[in-house]
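Contents: one structure, followed by commentary.
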2 protein chains.
Amino acid sequence: MNKYYTITELTREFGVSTRTLRFYEDEGLIHPERRGRTRLFRPADRHLIKEILRGRRIGFTISEIREIIQVYKDPPGEMGQLQLLMQKVSVKRDDLRQKRRDIDETLAELDNVEEACLTRLAEIGVGT
Amino acid sequence: MNKYYTITELTREFGVSTRTLRFYEDEGLIHPERRGRTRLFRPADRHLIKEILRGRRIGFTISEIREIIQVYKDPPGEMGQLQLLMQKVSVKRDDLRQKRRDIDETLAELDNVEEACLTRLAEIGVGT
DNA sequence: GCAAAAATTGACTTTCACGTAAAAGTAAAT
DNA sequence: ATTTACTTTTACGTGAAAGTCAATTTTTGC
């Protein structure tokens, strides 16, 4: 069996264009197999794409995403590299925590906006 | 009294360039006063900049930020506009919630990365 | 086995959010 | 009065992440 996905199956599933997936391949994020020139995506590729898009949603750059993926494939063996990586992880973590605070604050603001809207609607509604 | 801020004071406080603040003015996000040609920022401007940067951190575009700011200055008076706005708010909210999930998942992943690093370090440390 | 649909490559274009350089005006301090 | 530190406008440049277009293959359905 060993299911394969075509490129358009995946573009439909994830709502991205073929150009995007090819771009990710060019950037070395994914390595779909080939039958001739045609790309064949395996479940592993599909999973990777999921992770890529998640990274994208929270604002990681392509190279940041690439870096994370690299770690999984081949964790650095050298001491210095490892320490550097851990530093980066720590920075990223702080960054993400800040983002979460930002999101919470913005969500609260959106609540305000909504309430203001409802009030307005009520006013208008009464006047009609 | 009525404190004014110079542009560089604010760039230092927020870690952005003058170009950035001027750009935000060009984009209609802020409207600092002028003494001659020189910009004078009031506390209100400073506060707005804070909000803009928060929006930026979570990936809002300039026009999305502009939209939110607009609502505060001048909530739409027309019914249709209001409903449209509320729809947008609802979409944004969903978007932000998704982002928060993404962040949580990524934080968990970073924990894994870190642990893998620590394990590696221990291995190497022993071998030395 | 042949047409239609789908996939490929390559080059060019676009959008966003500023960066950068140039040339000149201001303002306070020495 | 001159230096020093900012500030201004104008205008072109840039990098990331794709979008678009065109000209070929390749695959699939019948």
Side-chain angles (χ1 to χ4, degrees), chain A residues 2-42 45-46 48-70 88 92 95 99 102, chain B residues 3-42 45-46 48-70 92 95 99 102:
Chain A
N2 247 324
K3 173 78 176 159
Y4 286 113
Y5 303 92
T6 75
I7 197 169
T8 25
E9 272 175 344
L10 293 182
T11 63
R12 282 188 189 131
E13 176 172 2
F14 294 118
V16 298
S17 70
T18 59
R19 180 71 184 83
T20 300
L21 294 185
R22 289 189 201 111
F23 176 69
Y24 291 157
E25 183 181 9
D26 286 350
E27 291 294 319
L29 302 185
I30 49 181
H31 302 281
E33 296 174 19
R34 298 287 179 125
R35 175 170 55 211
R37 318 173 112 194
T38 304
R39 291 165 179 78
L40 296 174
F41 294 80
R42 311 293 300 275
D45 297 312
R46 181 172 163 282
L48 255 182
I49 292 172
K50 254 193 219 174
E51 297 221 344
I52 294 167
L53 296 180
R54 190 178 66 204
R56 186 176 80 161
R57 282 195 299 273
I58 57 182
F60 281 8
T61 68
I62 296 293
S63 35
E64 286 172 323
I65 295 172
R66 185 171 27 229
E67 235 175 319
I68 294 183
I69 290 175
Q70 281 300 323
K88 281 186 189 171
K92 266 298 147 220
D95 180 56
K99 259 184 193 160
D102 290 333
Chain B
K3 172 81 174 158
Y4 285 113
Y5 303 92
T6 75
I7 197 168
T8 25
E9 272 175 345
L10 293 182
T11 63
R12 282 189 188 132
E13 176 173 2
F14 294 118
V16 298
S17 71
T18 60
R19 179 72 182 83
T20 300
L21 295 184
R22 290 190 195 114
F23 175 69
Y24 290 159
E25 185 182 6
D26 286 349
E27 292 292 320
L29 301 184
I30 49 179
H31 301 282
E33 297 175 19
R34 297 286 178 125
R35 177 170 53 213
R37 319 174 108 192
T38 304
R39 292 166 178 80
L40 295 174
F41 294 81
R42 310 294 299 277
D45 297 313
R46 181 171 163 281
L48 255 181
I49 292 171
K50 253 193 221 175
E51 298 221 344
I52 293 167
L53 296 178
R54 191 179 66 203
R56 184 175 80 160
R57 282 195 298 273
I58 57 183
F60 281 7
T61 69
I62 296 292
S63 35
E64 286 172 322
I65 294 172
R66 186 171 27 230
E67 234 174 320
I68 294 183
I69 290 176
Q70 281 300 323
K92 266 299 147 220
D95 180 57
K99 258 185 191 160
D102 290 334

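Note that the structure is a prediction, hence the values are computed from the model and not measured.
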With [X] via side-chain contact (heavy atoms from CB on, under 4.5 Å) - residues at least two apart:
X	answer
A:E27	A:F23, A:L29, A:I62, A:R66
A:S17	A:R19, A:T20
A:L48	A:I30, A:I69
B:R22	B:I7, B:T18, B:R39

*asked:* For a quick check, with a 4.0 angstrom heavy-atom cut-off, what is the B/S/- contact string for nucleotides 14-21 of chain D, read 5' to 3'?
replied: ---SSBB-
*asked:* Please encode protein proximity along nucleotides 24-30 of chain C as a string of B, S and -, counting only heavy-atom distances under 4.0 Å.
replied: -------
Within this structure, what is the [atom1]-to-[atom2] distance between [X] and [N], rounded to whole angstrom?
X	N	atom1	atom2	value
B:D26	D:dT9	CG	P	8 Å
B:I52	C:dC18	CD1	P	10 Å
A:E9	D:dT27	CD	P	16 Å
B:L29	C:dC18	CG	C1'	13 Å
A:R34	C:dT8	CZ	P	7 Å
B:I65	C:dC16	CD1	P	13 Å
B:L21	D:dT7	CG	C1'	13 Å
A:Y4	D:dT28	OH	C1'	18 Å

*Just call it for B:R39: base, sugar-phosphate, or nothing, with non-hydrogen atoms closer than 4.0 Å on any strand.*
sugar-phosphate
*asked:* What's B:R66 touching, base or sugar-phosphate or nothing? Going by heavy atoms closer than 4.0 Å.
replied: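 Here B:R66 touches no strand at all.
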*With nearest nucleotides of DNA chain D determined for B:E25 and B:R12 from heavy-atom distances, which residue corresponds to the more 5′ nucleotide?*
B:R12
_If you define the side chain from C-beta out and look only at heavy atoms, does anything of A:T8 sit under 4.5 Å from A:T11?_
yes
The criterion is side-chain hydrogen bond (donor to acceptor under 3.5 Å, both in side chains); which residues satisfy it with [X], sequence neighbours excluded?
X	value
A:K88	A:E67
B:R34	B:E25
B:R56	none

*Name all residues meeting the salt bridge (Lys or Arg N to Asp or Glu O under 4.0 Å) criterion together with B:D102; count only those two or more places apart in sequence or in a different chain, and write none if there are none.*
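Result, salt bridge (Lys or Arg N to Asp or Glu O under 4.0 Å) vs B:D102: A:R57.
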*Contacts of type salt bridge (Lys or Arg N to Asp or Glu O under 4.0 Å), residue B:R42, not counting sequence neighbours*: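 Applying salt bridge (Lys or Arg N to Asp or Glu O under 4.0 Å) to B:R42 gives B:E33.
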*Does A:T6 have a side-chain nitrogen or oxygen under 4.0 Å from the phosphate oxygens OP1 or OP2 of C:dA7?*
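Answer is yes, contact under 4.0 Å.
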*asked:* On the nucleotide D:dA5, are OP1 or OP2 found under 4.0 Å from the side-chain N or O atoms that B:T8 carries?
replied: no
*asked:* Can you tell me how far apart CD1 (A:I58) and CD1 (B:I58) are? Round to the nearest 0.5 Å.
replied: 13.0 Å
*asked:* Nearest 0.5 Å, please: how far is CD1 in A:I52 from CZ in A:F14?
replied: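 Going from the CZ atom of A:F14 to the CD1 atom of A:I52 covers 9.5 Å.
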_Pairs counted only when both distances fall under 3.5 Å, Watson-Crick or G-U: show me the 5' to 3' dot-bracket for DNA chain C, [ ] for pseudoknotted crossings and | for other-strand partners._
||||||||||||||||||||||||||||||
